[in-house]
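Everything on this sheet refers to the single structure shown next.
Computed from heavy atoms alone, side chains included, the values below leave out hydrogens, waters and symmetry copies. Chain naming here is simple, since letters A, B, ... match the order of the sequence lines and numbering starts at 1 in each.
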Number of protein chains: 2
Amino acid sequence: MQKLAELLKAKKLKVTPQRLAIFNMLYNTTSHPSAETIYKSLQETHPTMSLATVYKTLDALQKAGLIQQLNVGEDSFRYDANVSSHPHVICLECNRVFDLESDILNDLRSKVASNTDFDLISEKVYLYGTCPECKESMKEE
Amino acid sequence: MQKLAELLKAKKLKVTPQRLAIFNMLYNTTSHPSAETIYKSLQETHPTMSLATVYKTLDALQKAGLIQQLNVGEDSFRYDANVSSHPHVICLECNRVFDLESDILNDLRSKVASNTDFDLISEKVYLYGTCPECKESMKEE
DNA sequence: TTTTATGCAAATTGTTTGCAGATAA
DNA sequence: TTATCTGCAAACAATTTGCATAAAA
């Protein structure tokens, strides 16, 4: 928590209980929650925090480069405290989102760079399918 | 146009002037327009067509597998009559969206399949950067 | 004639904004 | 103290929906 407070201060963001709670939650999960999910799961510990504060905090953290926004094709955004440009795999059965290693994009990056003459800055890569667990439970039926 | 009418009929969709106009426009562009852009550019030839009809038509075409929806990270969707699962490069200066060949994803697909045990179904791949033309005009300044 | 599509206006939903009071520095 | 944040309610924008009329099959 101390570490997160330092990260906020380094970006000249005031350290508030709300910000710490949101940042901390994102920092300790790989579930890529949405604003709504974050809001609901912090209801118990921060019952007075509003959804608008969640949105404003996520916006501030994102602008500071401390988190990133994902758009996996749902109707709302998800957030990730892993700010490296890494690909994600999404299970179409359970809707969970998993991280992949960034370096599996190296081949793609170099191919695109040589095919297009673009100066590439970033990328968003989402793969869709069925996760091992859901494959199992589908077999059983 | 005859060809497009056949494609609609094959999907049991009624062939209306609005649907033909929208489908035809998408079929003859690589600009990946949004619903709003399609609506505006068809105003001249189809002044009575409503935006709701554009949305309903895009939805029908998409469900029939005749077009696909893109989410390049803007506040609205774009549409593509190329329904193959191909990557896109987006220029952050001029906001144009370009198609890439599907097969440059082969390496990524096989890497992800072997790393995750997912059964992969599809993918959305967007790369961001500066296109050759915008690189030129930035040099001049 | 039957079925499906269109066009209008109203509804929906995730997200943003304005602002007064509260809190961090 | 003063600069910034919070929380509420209202605003927003892209998209969807209900329904009466119109057009396709």
Side-chain angles (χ1 to χ4, degrees), chain A residues 1-2 4-25 32-40 42-43 45-64 66-79 95, chain B residues 1-2 4-25 32-40 42-43 45-64 66-79 95:
Chain A
M1 273 308 237
Q2 190 52 42
L4 300 184
E6 294 308 324
L7 287 170
L8 291 174
K9 279 180 200 164
K11 295 292 182 178
K12 306 210 189 310
L13 293 172
K14 288 195 172 167
V15 180
T16 67
Q18 293 88 336
R19 285 180 174 171
L20 275 181
I22 293 168
F23 196 13
N24 184 58
M25 177 188 168
H32 310 84
S34 65
E36 192 73 37
T37 306
I38 294 169
Y39 173 67
K40 282 184 182 149
L42 291 177
Q43 288 274 33
T45 51
H46 297 73
T48 64
M49 182 168 61
S50 74
L51 185 53
T53 295
V54 176
Y55 277 110
K56 284 172 184 170
T57 297
L58 291 170
D59 187 57
L61 293 176
Q62 189 186 2
K63 283 188 175 136
L66 298 172
I67 64 171
Q68 69 171 308
Q69 201 180 46
L70 307 185
N71 192 330
V72 305
E74 296 167 331
D75 40 359
S76 55
F77 292 112
R78 285 169 174 258
Y79 296 86
N95 297 310
Chain B
M1 274 308 239
Q2 190 52 43
L4 299 184
E6 294 308 324
L7 286 169
L8 291 173
K9 279 181 198 162
K11 296 292 182 175
K12 305 209 190 312
L13 294 172
K14 289 192 174 171
V15 179
T16 67
Q18 294 88 336
R19 284 179 175 172
L20 275 182
I22 293 167
F23 197 11
N24 184 58
M25 177 186 167
H32 311 84
S34 65
E36 192 73 36
T37 306
I38 295 168
Y39 173 66
K40 282 185 183 150
L42 291 177
Q43 288 276 32
T45 51
H46 297 74
T48 64
M49 182 168 63
S50 74
L51 185 53
T53 295
V54 175
Y55 277 110
K56 283 172 185 170
T57 297
L58 291 170
D59 186 58
L61 293 176
Q62 189 186 1
K63 283 187 176 138
L66 297 173
I67 64 171
Q68 68 171 309
Q69 201 179 46
L70 306 185
N71 191 329
V72 304
E74 296 166 329
D75 40 359
S76 56
F77 291 112
R78 285 170 174 257
Y79 296 87
N95 297 309

Between B:Thr53 and B:Lys56, is a side-chain contact (heavy atoms from CB on, under 4.5 Å) present by the stated rule, with each step listed? CA-CA 5 Å; B:Thr53 295; B:Lys56 283 172 185 170; 5.6 Å; no
Examine the side chains of B:Tyr79 and B:Gln69 and answer whether a donor and an acceptor come within less than 3.5 Å of each other. yes
Interatomic distance where CD belongs to A:Gln62 and P belongs to C:dT15 [whole Å]: 11 Å
What is the distance, to the nearest angstrom, from the CZ atom on A:Phe23 to the P atom on D:dC5? 15 Å
So, taking the atom named NZ in A:Lys14 and the one named NZ in A:Lys9, what distance separates them when rounded to the nearest 0.5 Å? 13.0 Å
Between CG on residue B:Leu58 and CD on residue B:Gln68, distance to nearest 0.5 Å: 13.0 Å
Within less than 4.0 Å of OP1 or OP2 of D:dT6, is there a side-chain N or O belonging to A:Ser50? no
When the distance from CD1 of A:Ile22 to C1' of D:dT6 is rounded to whole Å, what number comes out? 11 Å
To the nearest 0.5 Å, what is the distance between CZ (A:Phe23) and CG (A:Leu61)? 6.0 Å
Reckon A:Thr48 has a side-chain N or O less than 4.0 Å from the OP1 or OP2 of D:dG7? yes
Give the B/S/- string for nucleotides 15-25 of chain D, one per nucleotide from 5' to 3', where a protein heavy atom under 4.0 Å of the base yields B, of only the sugar-phosphate yields S, and otherwise -. BBBB-----BS
Report yes if at least one side-chain N or O of A:Gln18 is closer than 4.0 Å to OP1 or OP2 of C:dT23; otherwise report no. no
Atom OH of B:Tyr39 to atom C1' of C:dT6: distance rounded to whole Å? 13 Å
Whole angstrom is fine here: how far is it from CG in B:Leu42 over to P in C:dT6? 13 Å
Measuring from atom CG of B:Leu20 to atom CG of B:Leu8, what distance do you get when rounded to the nearest 0.5 angstrom? 6.0 Å
CD on A:Gln2 to CG on A:Leu4, rounded to 0.5 Å: 9.5 Å
Rounded to whole Å, how long is the line connecting atom CZ of A:Arg19 with atom C1' of C:dA25? 13 Å
Check the distance between D:dA14's P and B:Asn71's CG and give it to me in whole angstrom. 14 Å
Calculate the interatomic distance between B:Ile38 atom CD1 and D:dA14 atom P; express it in whole Å. 14 Å
